[in-house]
There are 2 protein chains.
Amino acid sequence: MERRRRVPNPLALAVLAWLLWEPMHPYELGRRLKQTGKDRHIRYTRSSLYMVIEQLDRAGFVTAQETVRDSARPERTVYAITEAGRHEVHDWLRSLLAQPRAEYPHFAVALSLLSLLPPDEAVEVLRRRSAALAGRIEETRTTMDEARADGVAWIFLVEEQYALALLEAERRFVTELIESLKQPDYAKSWQETMGGRV
Amino acid sequence: MERRRRVPNPLALAVLAWLLWEPMHPYELGRRLKQTGKDRHIRYTRSSLYMVIEQLDRAGFVTAQETVRDSARPERTVYAITEAGRHEVHDWLRSLLAQPRAEYPHFAVALSLLSLLPPDEAVEVLRRRSAALAGRIEETRTTMDEARADGVAWIFLVEEQYALALLEAERRFVTELIESLKQPDYAKSWQETMGGRV
DNA sequence: CCCCCTTTAGTCAGGGCTGACTATCCAGCA
DNA sequence: TGCTGGATAGTCAGCCCTGACTAAAGGGGG
């Protein structure tokens, strides 16, 4: 199927995408990532940025173009995307969009162990989650509204829209789950099977 | 807030949970993980299992109980959970359930770069995704039905139910997105802004 | 003119994770 | 008896990633 990428870190895709626009030095890349809020959906730290660029260089997807030293700042290497890099962006993007891949949300692991908690405790923590989710949903909505008010086109907000859809689905799921856990039969059967164990 | 765990890998939580039941050697743990299908929501390989158990040992959450050598097999170390380990399971589980944490689905990254693809190409790959999602949904439903037919209680299928909820939400999102991309205005504005660039 | 805080820019040690490898036992078959 | 394939069980080199650190420039207050 999908051969493994030479530089699998998603941050690399974002870097390549920016370099499609114009050559840049690492710090500038980092700044744009933050500024445009694209770092909200990518695990980004400055150190991993440098690492990833090094990897991209080794893989031949970018090349060091020149080393600028304006006045006295530490020297900054400007990187440009290569032809192989352009190809990689396109190919990677297509494959990410076309094939859903197994991701491993922490919540799923926790759910698979839900039976370890006494029913009332489970209900309590899930209520807290539900409230937190409501907060996230609010935040996301606000971010989107603000962006739209600034004239940002919908296509550049599509990842927020997706995040929102997932958050809302999770919220609905949690609400229903809480209801199921509150049924007296559940408390009863939990007592019977787990009562002494935990 | 949430202090970082001594052994942050979710596989560690699953290991501790099984050891709550009874002491076991690593290979046995791995077998049960696979058998019960719990490995579907955890990144599991044998090597990481050994690594994680080593880490749990260093952290004091498990202890090597005895080294069995039946007949001629390579010796197997049986591990038992400690009091600190019990506490860790409980605390970690509560915190995973109560606090949604930022996860970084690859699809979100790809979506944030969707504007790089010509509209018809975007539609094509998203249609493929939609079909793949339908397949996953089918699979998950079948797994759940089979388990229920075997008499498995709903509480032990709750993580599948969650996976299903997310898959369905994603599918709905993708369907709507395809519709938006098919609007003639989008093709037009894409031509205008990106036309020459890509 | 000195001090201190913030911003800019980058490095690196240390530990985590994975793919690839090793080694033994047993069953079946020729 | 000897060979082969599969299940059992574990190890390890090497890359990847992160948190913590370094360091210089600019700016503003005193």
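Because the structure is predicted, anything quoted here is derived from the model rather than measured. Order of the sequence lines fixes the chain letters, A, B, ..., with proteins taken first and strands second; residue numbering starts at 1 for each chain.
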For this session: Would you mind listing the cluster partners of Tyr104(A)? Hydrophobic ones only (ILVMFWY), side-chain contacts under 4.5 Å, chaining allowed.
Result: none
Exercise. To the nearest Å, how far apart are Tyr104(B) OH and dT18(D) C1'?
Worked result: 13 Å
Exercise. Starting at CG of Leu29(A) and ending at P of dT8(C), how long is that distance when rounded to a whole Å?
Worked result: 15 Å
Problem set entry | Contacts of type salt bridge (Lys or Arg N to Asp or Glu O under 4.0 Å), residue Arg129(B), not counting sequence neighbours | Glu170(B)
Exercise. How many Å lie between CZ on Arg6(B) and P on dG14(C), as a whole number?
Worked result: 19 Å
Exercise. Does Asn9(B) have a side-chain nitrogen or oxygen under 4.0 Å from the phosphate oxygens OP1 or OP2 of dG16(C)?
Worked result: no
Seminar exercise, completed: Of Gln55(A) and His25(B), the one whose closest nucleotide on DNA chain D sits nearer the 5' end is His25(B)
For this session: Rounded off to whole Å, could you give me the NZ-to-P distance for the Lys34(B) and dT8(D) pair?
Result: 11 Å
Which protein N or O atoms sit under 3.5 Å from an N or O of nucleotides 13-15 of chain D?
none

Exercise. Should Glu28(A) and Arg32(A) count as an ion pair when the cut-off is N to O under 4.0 Å?
Worked result: yes
Exercise. If you look at every heavy atom in Ser115(A) and Ile155(B), which pair is closest and at what distance?
Worked result: CB-CG1, 4.0 Å
Exercise. Between atom OH in Tyr79(B) and atom C1' in dA9(D), what is the gap in whole Å?
Worked result: 13 Å
Problem set entry | For Glu124(A), salt bridge (Lys or Arg N to Asp or Glu O under 4.0 Å) partners two or more places apart | Arg128(A), Arg94(B)
Problem set entry | Residue pairs passing the ring pair (Phe, Tyr, Trp, His ring centres under 6.0 Å) test where at least one lies in residues 129-154 of chain B, sequence neighbours excluded | Tyr186(A)-Trp154(B)
For this session: Whole angstrom is fine here: how far is it from OH in Tyr27(A) over to P in dA24(D)?
Result: 17 Å
Exercise. In the hydrophobic clustering (ILVMFWY, side-chain contacts below 4.5 Å, transitive), which residues join Met51(A), or is it alone?
Worked result: none
Problem set entry | With sequence neighbours excluded, residues passing ring pair (Phe, Tyr, Trp, His ring centres under 6.0 Å) with Phe107(B) | Tyr162(A)
Exercise. Given atom CG of Leu11(B) and atom P of dG16(C), what is their separation to the nearest angstrom?
Worked result: 14 Å
Exercise. If you link I, L, V, M, F, W and Y whenever their side-chain heavy atoms are under 4.5 Å apart, who else ends up in the same group as Tyr27(B)?
Worked result: Tyr50(B)
Exercise. Just how far, in rounded Å, is P of dT8(C) from CZ of Arg31(A)?
Worked result: 6 Å
For this session: Please work out which residues in residues 36-50 of chain B have a non-hydrogen atom less than 4.0 Å from an atom of DNA chain D and list them by number.
Result: Arg46(B), Ser47(B), Tyr50(B)
